[in-house]
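Okay, so here's the structure we're looking at.
Sequence lines set the chain letters: A, B, ... in the order given, protein chains first and strands last, and positions in each chain run from 1.
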Amino acid sequence: MLLSSTSTLENKTIVKYHGLVNGESLIGSNIYKDLFSGVRDVVAGRTSTYAEELESARNEAFQIMENKAKELGANGIIGLKISYNNLGGTMGNTILVTAYGTAVSYE
Amino acid sequence: MLNKIKRKLNDLSIYKRLKDEEERKVFLKELGCIDIGIIVGIVTYVICLYTHFDIYGWNFGLVLSPLFAGYAESLAAKRYLEESTGAISAFILFLITVVYGFIISNPTLGFNVITAGSIVIILQAAFPIAVNYFLIATVLAIISHVTGVFKKITHSIWNLYEKIFNKKTKLKEKIEEKKSNRVHSFYDGKLDMNNLGVLLLTMEDSPKDLNILEYKGIYESSHIFSFKRREEIKSGIEDSLEKELLICAKNAEDKALLKLIKQLKADGCNGLLNMNMAIETLGPSMGENISQVVIRGTGVVFKEKEDVSSL
């Protein structure tokens with residue numbers, strides 16, 4: 001499955017536009033994890049836990065989106081967009097990762 | 001009427017017992033044991049009062065006398081009856097000490113921490129099973145429900161048990177599993193937004209191979225969704241609530257998209273270009289976090305209205 005954020009695919013012919021495909025995933029708010037992350041910031045450590053989890057969430061969203069595209073018979077996704085939204089309030093962070101694009105069949 | 005009363009009296013177990021000679025002897029022995037308990041309790045209370053065995057005006061006799069009464073009664077019952085009488089004297093002593101200590105002796109006693117604490121201790125001495133049940137079951141259950149601490153403890157004990165006894169589950173696998181549990185996803189394959197007569201395209205530039213007849217302008221739709229902050233706090237402990245939140249967000253996306261498709265179809269559009277989707281948090285309100293899904297794009301009319309998806 002080819003994923004591209006561009007509007008067209010150079011040297012490829014798009015034979016069919018299948019429409020919108022999207023995928024969502026959520027990183028849960030864990031107050032203990034947040035506290036631990038805060039402590040690491042103070043002692044100049046890297047908050048690698050967040051980075052790992054964001055990557056994991058992004059991959060999860062991509063996977064769902066790709067599965068939907070495959071079900072439509074597509075072999076590529078163009079105009080790919082991804083957004084990270086913090087839905088959390090005062091207690092912890094709840095990050096929603098949304099990936100969406102246009103499923104296409106190309107040759 | 002009198003016959004009725006007589007019949008009821010005959011049915012009473014004490015009345016029956018007093019009729020039978022053997023049972024009467026046992027009954028009197030029981031009364032004797034209770035009396036011994038009451039005497040020991042009263043003596044203990046008098047000693048405590050006389051020696052001023054108290055702290056901040058609260059006498060230890062209030063607790064010791066029912067305890068000693070019950071103990072003495074139990075010892076006597078074991079010796080003479082070879083069975084328990086139920087520490088009735090402890091309950092009687094509880095009544096005696098409360099009436100004397102709180103009403104007769106100290107009528108001006110005010111309500112403060114010491115008084116409240118003493119009432120709890122006295123009740124504990126008089127009704128140990130009921131009070132212990134309340135303290136252990138009810139109070140601990142409230143703490144557990146609010147903080148979730150016991151669930152976490154039992155969960156970690158169970159994990160430890162699994163780790164020790166289930167050799168197949170390796171620690172590394174467990175960590176990986178735990179990591180993957182932090183990220184939640186939701187897949188709804190049933191709803192097909194691409195089969196509603198409007199081609200949704202996310203590209204910024206309009207594709208050259210699509211023949212656009214008319215640009216209808218910008219279209220936007222939104223759907224507001226909310227979730228309670230309490231659930232958010234809990235979600236650190238319970239993952240299922242996060243899944244619910246994800247489903248809630250996903251449903252809001254679908255609803256906003258459906259609204260947009262309805263608008264487009266009403267205006268005769270069969271395509272949407274440069275579709276953008278944003279989720280914005282509007283902030284907490286009345287204990288809930290409110291967010292909205294906004295979808296916008298440019299409505300267009302493609303040449304081939306019958307099947308816009310096939311070029």
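Only the side chain of L72(A) has a heavy atom closer than 4.5 Å to any heavy atom of chain B.
In the displayed structure, Y133(B) atom OH is contacted under 6.0 Å by at most 12 heavy atoms of other residues, nucleotides or ligands.
Within the 4.5 Å cutoff, side-chain heavy atoms of L20(A) are placed close to those of L257(B). A 4.5 Å side-chain heavy-atom check between Y100(A) and N276(B) finds at least one atom pair inside the cut-off.
For S7(A) (side chain) and M203(B) (main-chain N/O), no donor-acceptor pair under 3.5 Å exists by modelled atom type. At distances below 3.5 Å, at least one donor-acceptor pair connects side-chain atoms of K81(A) with backbone N or O atoms of M275(B).
Summarising the geometry, atom NZ belonging to K250(B) is positioned 13.5 Å from atom CG belonging to L26(A); distances are rounded to the nearest 0.5 Å. Between T202(B) atom OG1 and I77(A) atom CD1 the span is 9.0 Å, to the nearest 0.5 Å. Here CG of L201(B) is found 7.0 Å from OH of Y17(A). Values are rounded to the nearest 0.5 Å.
Top candidate by heavy-atom pairs under 4.5 Å with chain B, chosen from T8(A), T98(A), V21(A), is T98(A).
What you find for A249(B) and L96(A) is that their closest heavy atoms are CB-CD2, 3.9 Å.
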